[in-house]
Amino acid sequence: MLKPQNLEEKLVWYSIIGTYGINFLGALYVWIPVLAWLLAGRLGVKLWQQPEDSPPQERITIPLSIWVWVISMLFMELTVVMSHIDFDLGWTKIASSTIVWSRSWALMALFPIAGCLPSIRPRLVYRAICIVCAQSIVFALLAFLAFKASFYPAYLTPWWYLFRGDPQVYTVAIFGLPPGDGLDAEFRLNLFTPFANTLGIVGAVFFFLAIQESDKRWKWAGAIGAAIMVIFSFSRMTTLCLVIVPALTWLLTNFTWHMRLVGGLASFLLGLFGTLALDSARTFYEATFVNFRQGSEKVRSKLAEIALYKWETEAQTWGHGFVTERGPETTEGIPIGTHNQWPDLLYLRGTIGFFAFLVPLLWTFADLLIKAQKSQTAKVGLTIVVLLVVCTSGANVEAATYLYWPGLLILGMAFQAKE
């Protein structure tokens with residue numbers, strides 16, 4: 001049995017395999033950010049106390065790519081402060097929004113920093129992910145049985161009364177909402193996430209971590225559990241990612257003669273059947289993403305349109321800084337800044353915040369693309385980055401950092417890979 005061997009590994013191990021227990025206490029949104037700051041602080045202490053003659057395998061170094069994320073996320077916090085000052089929201093609101101930043105955007109820098117701790121082994125993370133995915137198989141079955149019995153176990157945990165904010169992140173509900181809330185009765189897994197779409201992103205990240213497990217039994221259990229999380233979240237985007245992302249990663253990490261052969265053959269076939277291929281792709285997109293949920297796509301499009309208009313006319317540099325409790329009637333009351341990553345970034349964080357996320361993403365992609373040619377850990381990191389980039393087309397990925405954080409931890413390990 002693979003077991004943690006030090007304090008850092010114990011914190012990571014029990015936080016992952018205890019995901020459901022922590023969730024039933026409603027404490028995931030509280031504990032995981034605390035964990036990120038603890039691990040980053042632990043690294044800071046070790047770095048400060050590190051002797052000059054420490055051996056290379058035990059020496060702590062922070063790669064340049066992580067500093068890019070740290071600086072970028074500090075700029076993101078700067079947009080929070082400046083936008084609140086622009087709109088005269090007061091220091092209480094600035095403090096509240098900073099806490100939200102510390103639980104979301106900040107984790108994109110903190111967990112990669114924690115990944116620089118040499119005491120945390122990647123294979124321990126992979127095994128822990130497989131265990132929680134195996135647990136997900138059981139809870140998915142229980143959720144389906146509860147749904148068939150018209151039993152909706154959901155409750156708001158006491159943490160909300162202490163921290164306030166969005167009550168959804170403190171609500172425990174392992175599958176979709178009851179029809180009494182004005183939605184059609186449909187089975188969509190939530191498990192330990194606040195929304196089904198979020199579970200799709202988390203499940204996809206966990207899937208690509210689980211398949212790195214060396215033990216075949218755990219590997220299959222993890223992969224099946226993660227696939228169930230993705231498929232029964234009924235997120236179209238992340239379901240396609242299970243196929244598209246590995247294909248993209250393979251193409252990006254195989255720059256050899258057979259890639260030239262495949263590229264030449266593809267160019268020849270596209271020349272012959274290009275028009276047919278484009279028409280088929282357009283038909284598939286409309287059937288899968290537009291016509292499948294026309295109401296949802298219409299609202300999402302309207303949200304993006306309003307977000308871009310308000311950014312351009314009201315707050316181009318620093319953004320608006322906050323999400324209102326309720327949106328306009330044209331968006332069915334859905335708040336502006338909650339459903340489209342890039343338009344929402346411009347609306348909430350302005351041009352500065354937009355580039356504070358775009359720049360580290362591009363830098364990370366370029367860095368890991370080079371390192372992934374010879375490093376398996378860097379290849380896993382590249383897969384996570386490609387997945388997040390694809391997911392930004394339909395979700396705000398920073399809101400779920402406290403849920404897919406093991407992927408960010410592996411990202412930090414990937415940055416240390418040698419080209």
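A quick note: this is a predicted structure, and the numbers were derived from the prediction, not measured. Note: hydrogens, waters and symmetry copies are ignored here, and every other heavy atom, side chains too, is used.
- Side-chain atoms of Thr364 and Trp69 form a donor-acceptor pair, as typed in the model, at a separation below 3.5 Å.
- Two residues are said to be in side-chain contact when any heavy atoms from C-beta on lie closer than 4.5 Å; Val230 and Leu242 meet this criterion.
- In terms of heavy-atom proximity, Thr79 sits nearest to Gly353 at CG2-N, 3.7 Å.
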Can you check side chain to side chain contact (heavy atoms under 4.5 Å, CB included) on Leu362 and Phe365, steps first, answer last? CA-CA 5 Å; Leu362 293 177; Phe365 178 79; 5.7 Å; no

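- When atom types are taken as modelled, the side chain of Asp215 and the backbone of Trp218 share a donor-acceptor pair closer than 3.5 angstrom.
- Between Tyr347 and His320, the two ring planes are parallel [angle under 30°; tilted spans 30° to 60°].
- Closest non-hydrogen pair, Tyr170 versus Gly26, comes out as CD2-O, 4.0 Å.
- Side chains of Phe111 and Ile32 form a contact here, defined as non-hydrogen atoms less than 4.5 Å apart.
- Within the 4.5 Å cutoff, the side chain of Asp367 has no heavy atoms near those of the Val68 side chain.
- For the atom pair CG (Asn396) and CG (Asn197), the distance works out to 11.0 Å, reported to the nearest 0.5 Å.
- Lys379 NZ to Leu368 CG: the interatomic distance, rounded to the nearest 0.5 Å, is 13.0 Å.
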Give the intermediate values and the outcome of side chain to side chain contact (heavy atoms under 4.5 Å, CB included) for residues Leu388 and Thr392. CA-CA 6 Å; Leu388 293 180; Thr392 58; 5.5 Å; no

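- Smallest separation of non-hydrogen atoms from Val390 and Cys241: CG1-SG, 3.5 Å.
- Note that the SG atom of Cys130 and the CD1 atom of Ile211 stand 10.0 Å from one another [nearest 0.5 Å].
- Around atom CZ of Phe355, no more than 12 heavy atoms belonging to other residues, nucleotides or ligands sit under 6.0 Å away.
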Before giving the answer on side chain to side chain contact (heavy atoms under 4.5 Å, CB included), spell out for Arg42 and Leu7 the whole-Å C-alpha distance, their side-chain angles and the decisive distance to 0.1 Å. CA-CA 10 Å; Arg42 179 75 171 171; Leu7 176 61; 4.1 Å; yes

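- Contact check for Thr157 versus Leu25: no side-chain heavy atoms found under the 4.5 Å cut-off.
- Cation-pi geometry between Arg103 and Tyr402 is not satisfied (NZ or CZ under 6.0 Å from the ring centre, within 45° of the ring normal).
- Atom NZ of Lys46 is surrounded by more than 12 heavy atoms from other residues, nucleotides or ligands within 6.0 Å.
- The number of heavy-atom neighbours closer than 6.0 Å to OH of Tyr309, taken from other residues, nucleotides and ligands shown, is 12 or below.
- For the pair Ser83 (side chain) and Val80 (backbone), a donor-acceptor distance under 3.5 Å is present.
- Counting heavy atoms from C-beta outward, Ile94 and Leu89 have side chains that stay 4.5 Å or more apart.
- Of the listed residues (Leu409, Thr383, Ile129), just one forms a side-chain contact (heavy atoms from CB on, under 4.5 Å) with Leu209, and that residue is Ile129.
- Using a distance-only test at 3.5 Å, with no hydrogens or angles considered, no donor-acceptor pair links the side chain of Gln416 to the main chain of Pro63.
- Side-chain atoms of Trp318 do not come within 3.5 Å of backbone N or O of His84 as any donor-acceptor pair.
- When atom types are taken as modelled, the side chain of Ser96 and the backbone of Thr92 share no donor-acceptor pair closer than 3.5 angstrom.
- Note: Phe87 and Phe322 have perpendicular aromatic rings, judged against thresholds of 30 and 60 degrees for the angle between ring planes.
- For Trp342 and Phe357, the ring centers sit closer than 6.0 Å to each other.
- The line from OG of Ser136 to CG of Leu199 is 7.5 Å long, rounded to the nearest 0.5 Å.
- Side-chain contact of Thr198 with Tyr404: a donor-acceptor pair under 3.5 Å is absent, judged by distance alone.
- Using a 4.5 Å heavy-atom threshold, the side chains of Ile60 and Pro118 count as touching.
- When all heavy atoms of Cys116 and Leu43 are compared, the closest pair comes out as CB-CD1, 3.5 Å.
- Two residues are said to be in side-chain contact when any heavy atoms from C-beta on lie closer than 4.5 Å; Leu107 and Trp405 fail this criterion.
- Shown here for Met73 and Ala356, the closest heavy-atom pair between the two residues is CE-O, 3.5 Å.
- Between Leu35 and Leu39 the shortest side-chain heavy-atom distance falls below 4.5 Å.
- None of Ile201, Thr193, Val132, Val202 except one satisfies the side-chain contact (heavy atoms from CB on, under 4.5 Å) rule with Met229; the exception is Val202.
- Taking the six-membered ring for Trp and thresholds of 30 and 60 degrees, Phe234 and Phe232 have ring planes more than 60 degrees apart, a perpendicular arrangement.
- When atom types are taken as modelled, the side chain of Ser375 and the backbone of Ala372 share no donor-acceptor pair closer than 3.5 angstrom.
- To the nearest 0.5 Å, atom CD of residue Gln373 and atom CG of residue Leu252 are 8.0 Å apart.
- In this structure, CD on Glu77 lies 8.5 Å from CZ on Arg349, to the nearest 0.5 angstrom.
- When every heavy atom of Pro335 is checked against every heavy atom of Val323, the shortest pair comes out as CB-CG1, 3.4 Å.
- Atom CH2 of Trp363 has 12 or fewer neighbouring heavy atoms from other residues, nucleotides or ligands inside a 6.0 Å radius.
- Residues in residues 115-131 take part in these side chain to side chain donor-acceptor pair (under 3.5 Å) pairs, two or more places apart or across chains: Glu8-Ser119, Glu9-Arg121, Arg127-Glu213.
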Please report the C-alpha distance between Gln316 and Trp311 in whole Å, then the side-chain angles of each, then the deciding distance to 0.1 Å, and finally whether the side chain to side chain contact (heavy atoms under 4.5 Å, CB included) criterion is met. CA-CA 5 Å; Gln316 288 192 15; Trp311 159 70; 4.0 Å; yes

